[in-house]
Number of protein chains: 2
Amino acid sequence: MPAIERFAKYLSENRLKMTRERRAILADVLSVRGHFDVDDLLARLRRSGHHVSRATLYRTLPRLVESGLIHKVEMVDGQARYELMIGRHHHDHMVCLRCGTILEFESPEVERIQEDVCRRKKFVMTGHTHQIRGYCVSCAGDDRARALDSRGSNVAGRSRAGAGGARAGGRTGP
Amino acid sequence: MPAIERFAKYLSENRLKMTRERRAILADVLSVRGHFDVDDLLARLRRSGHHVSRATLYRTLPRLVESGLIHKVEMVDGQARYELMIGRHHHDHMVCLRCGTILEFESPEVERIQEDVCRRKKFVMTGHTHQIRGYCVSCAGDDRARALDSRGSNVAGRSRAGAGGARAGGRTGP
DNA sequence: GGATAATTGAGACTGAGTTGCAACTAGGAA
DNA sequence: TTCCTAGTTGCAACTCAGTCTCAATTATCC
Ligand SMILES: [Zn+2]
Ligand SMILES: [Zn+2]
Ligand SMILES: [Zn+2]
Ligand SMILES: [Zn+2]
């Protein structure tokens, strides 16, 4: 089933409306591969001439998540990312502290162990977050790398471009 | 080596000073078992008659982390926790979405797999975060549980006591 | 073509955490 | 011990992601 149709179905099933804004957001989301954040999305929307307010975007993303079209990646650095989940299945992430690159990994073994642990502790798991921090190939070996994290305030190069005005930042994740 | 001495060593090695505030914070941190957040700590400090500003607390915690005495647990819900690490080793966490209880687990197997993955992707790992969300024994089976998370905005019962004034909240994490 | 409930945008607000700055103080030098 | 200076503190203003309020707008059902 086409994404737009799937979203429409989800909406009508929940007595929600298919608005121009929601259509624009979905269209944009479908056009990106990889992980993106709210600012990325907003910048692209504006560039393509759509007027969607930040509030509306923040209100729509959870709908797209609930409809199963995208997935929210709650980053520990406090900046959530999203990714298209159509035809994909669960995986976890590795984040480069210098360039921001996000790699993916999956391990049925780890998933199994998680369930074992939960069973043992009688814990009902509803979700999990598993992120590896460090430096990707092209950033490792760099001077700035090393040290930081593990012990110490692990906050390194955020990709946030300084930005000029209040919240106009245009980011373009690698 | 006693904690206070270890901290003093760390401080002098870094040309930092052992102030009354730092001593009070360390003493308090040493008196707690389990995971605590900044508000917990601040409330206890005030209760025990110490005047330590929020800013100072935020400035001191990274020092305690760097000295290896405590560890920062970056929660995905945006509220960092800390825990004493003296005589302990690495572990990860399970967080109850209803009561806030934090359980711990450790799996050498998972840690090994992580390293394998990194080796394979030529990623230099400096740290990781692995958190399982769900419901603990006493909260599972409850009505409010179920649904939420996994798909949908996984935000459930934060332990935050309503609190009256601006930031006076007294929390007492289980 | 309405009626009506959902939606939108703007801006105020929240909450965790950070920062600039003037006053203060630990701790080595004299 | 007294001085001197770099480090420290508290406060308040600020940042930043995200949420909320509310009047105006609009999709959908009849
Ligand atoms: Zn996983
Ligand atoms: Zn991914
Ligand atoms: Zn681990
Ligand atoms: Zn722990």
Side-chain angles (χ1 to χ4, degrees), chain A residues 7-26 36-42 45-46 50-63 65 72-82 153-155 158-169 171, chain B residues 7-8 10-25 36-42 45-46 50-63 65 72-82 153-155 158-169 171:
Chain A
F7 192 42
K9 184 165 178 291
Y10 161 80
L11 290 175
S12 78
E13 280 174 359
N14 290 278
R15 220 179 284 90
L16 301 175
K17 295 171 179 175
M18 174 60 90
T19 64
R20 188 179 344 104
E21 291 77 8
R22 302 226 250 235
R23 246 189 301 268
I25 293 171
L26 174 56
F36 56 90
D37 61 29
V38 174
D39 285 338
D40 290 335
L41 198 35
L42 205 58
L45 281 166
R46 294 222 205 286
H50 289 104
H51 291 194
V52 176
S53 73
R54 189 170 287 274
T56 294
L57 188 47
Y58 272 113
R59 283 185 285 229
T60 299
L61 286 166
R63 301 314 192 169
V65 170
K72 182 178 186 178
V73 185
E74 305 244 30
M75 291 300 197
V76 186
D77 72 348
Q79 188 165 47
R81 306 295 175 109
Y82 295 85
S153 47
N154 53 315
V155 182
R158 295 276 254 74
S159 49
R160 212 160 240 303
R167 281 195 169 170
R171 184 187 308 95
Chain B
F7 192 41
Y10 161 81
L11 290 176
S12 77
E13 280 173 357
N14 290 277
R15 223 180 283 90
L16 301 175
K17 295 172 180 175
M18 174 61 89
T19 64
R20 188 177 345 101
E21 290 78 6
R22 293 187 179 158
R23 245 188 302 267
I25 293 171
F36 55 90
D37 62 28
V38 173
D39 285 338
D40 291 334
L41 197 36
L42 204 58
L45 280 167
R46 294 224 205 284
H50 290 104
H51 290 194
V52 176
S53 73
R54 189 170 287 273
T56 294
L57 188 46
Y58 271 114
R59 282 186 284 231
T60 300
L61 286 167
R63 300 317 192 167
V65 170
K72 182 177 185 176
V73 185
E74 304 244 31
M75 290 300 198
V76 187
D77 72 347
Q79 190 165 47
R81 305 295 175 110
Y82 294 85
S153 48
N154 52 316
V155 183
R158 294 278 254 73
S159 48
R160 211 159 243 302
R167 281 195 168 169
R171 182 184 312 92

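Chain naming here is simple, since letters A, B, ... match the order of the sequence lines and numbering starts at 1 in each.
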Notebook entry, point to check: Does any N or O in the side chain of A:T60 come within less than 3.5 Å of the main-chain N or O of A:T56, such that one atom is a donor and the other an acceptor?
Noted result: yes
Check: Of B:R15 and B:T56, whose nearest nucleotide on DNA chain D comes first from the 5' end?
Finding: B:R15
Item checked: Whole angstrom value for the distance that separates C1' of C:dT19 from CG of B:L57 -> 16 Å
Notebook entry, point to check: Just to confirm, is there a sub-4.0 Å distance from OP1 or OP2 of C:dT18 to any side-chain nitrogen or oxygen of B:Y58?
Noted result: no
Margin query: Output the rounded distance in Å from CG (A:L45) to C1' (C:dG9).
Written below: 15 Å
Notebook entry, point to check: Is the shortest distance from a Lys or Arg side-chain nitrogen in B:D39 or B:R54 to a carboxylate oxygen in the other one below 4.0 Å?
Noted result: yes
Notebook entry, point to check: Quick one: are A:Y82 and A:D37 in side-chain contact, heavy atoms under 4.5 Å?
Noted result: no
Note to self: Just the rounded figure in Å: distance from C1' of D:dC16 to CE of A:M75.
What the structure shows: 17 Å
Scan nucleotides 28-30 of chain C against the protein and return all N/O pairs shorter than 3.5 Å with their distances rounded to 0.1 Å.
none

Check: Of A:R63 and B:V38, whose nearest nucleotide on DNA chain C comes first from the 5' end?
Finding: A:R63
Margin query: Within a 6.0 Å radius of atom CZ on A:R23, are there more than 12 heavy atoms belonging to other residues, nucleotides or ligands?
Written below: yes
Check: Does any non-hydrogen side-chain atom of B:R20 lie less than 4.5 Å from one of B:R22?
Finding: no
Notebook entry, point to check: Please give, in whole Å, the distance from D:dC29 P to A:N14 CG?
Noted result: 14 Å
Check: Can you check whether A:R54 has a side-chain N or O nearer than 4.0 Å to OP1 or OP2 of D:dG18?
Finding: no
Checklist line | Sub-4.5 Å side-chain heavy-atom contact between B:L11 and B:K17 | finding: no
Check: Taking atom CZ of B:R59 and atom CD of B:E21, what is their separation to the nearest 0.5 Å?
Finding: 10.5 Å
Check: Which value, rounded to the nearest 0.5 Å, describes the distance between B:L41 atom CG and B:R81 atom CZ?
Finding: 12.5 Å
Might you list the N or O atoms of the protein lying below 3.5 Å from N or O atoms in nucleotides 20-25 of chain D, with each pair's distance?
{"residue": "D:dT21", "atom": "O4", "partner": "A:R59", "partner atom": "NH1", "Å": "3.3"}

Check: Just wondering, do A:M18 and A:F7 contact through their side chains at under 4.5 Å, heavy atoms?
Finding: yes
Margin query: Determine whether A:Y10 and A:R63 satisfy the following criterion, side chain to side chain contact (heavy atoms under 4.5 Å, CB included), listing intermediate values before the conclusion.
Written below: CA-CA 9 Å; A:Y10 161 80; A:R63 301 314 192 169; 3.7 Å; yes
Margin query: Without decimals, in angstroms, what is the distance between B:E21 CD and C:dA23 C1'?
Written below: 13 Å
Item checked: Spacing between B:L42 atom CG and D:dT9 atom P, to the nearest angstrom -> 14 Å
Check: Where the side chain of B:D77 meets the backbone of B:Q79, is there a donor-acceptor pair that is under 3.5 Å apart?
Finding: yes
Produce the list of close N/O pairs, under 3.5 Å, pairing protein atoms with atoms of nucleotides 26-28 of chain D; give distances to one decimal.
{"residue": "D:dA27", "atom": "N3", "partner": "A:K17", "partner atom": "NZ", "Å": "2.9"}
{"residue": "D:dT28", "atom": "OP1", "partner": "A:M18", "partner atom": "N", "Å": "3.1"}

Check: B:D37 CG to C:dG17 C1': how many Å, rounded?
Finding: 13 Å
Next item on the list: Figure out the CG/P separation between B:L61 and C:dG17, and round it to whole Å.
Entry: 10 Å
Margin query: Quick one, B:K72 with B:L61, criterion side chain to side chain contact (heavy atoms under 4.5 Å, CB included). Give me CA distance, side-chain angles, the key distance, then yes/no.
Written below: CA-CA 9 Å; B:K72 182 177 185 176; B:L61 286 167; over 6 Å; no
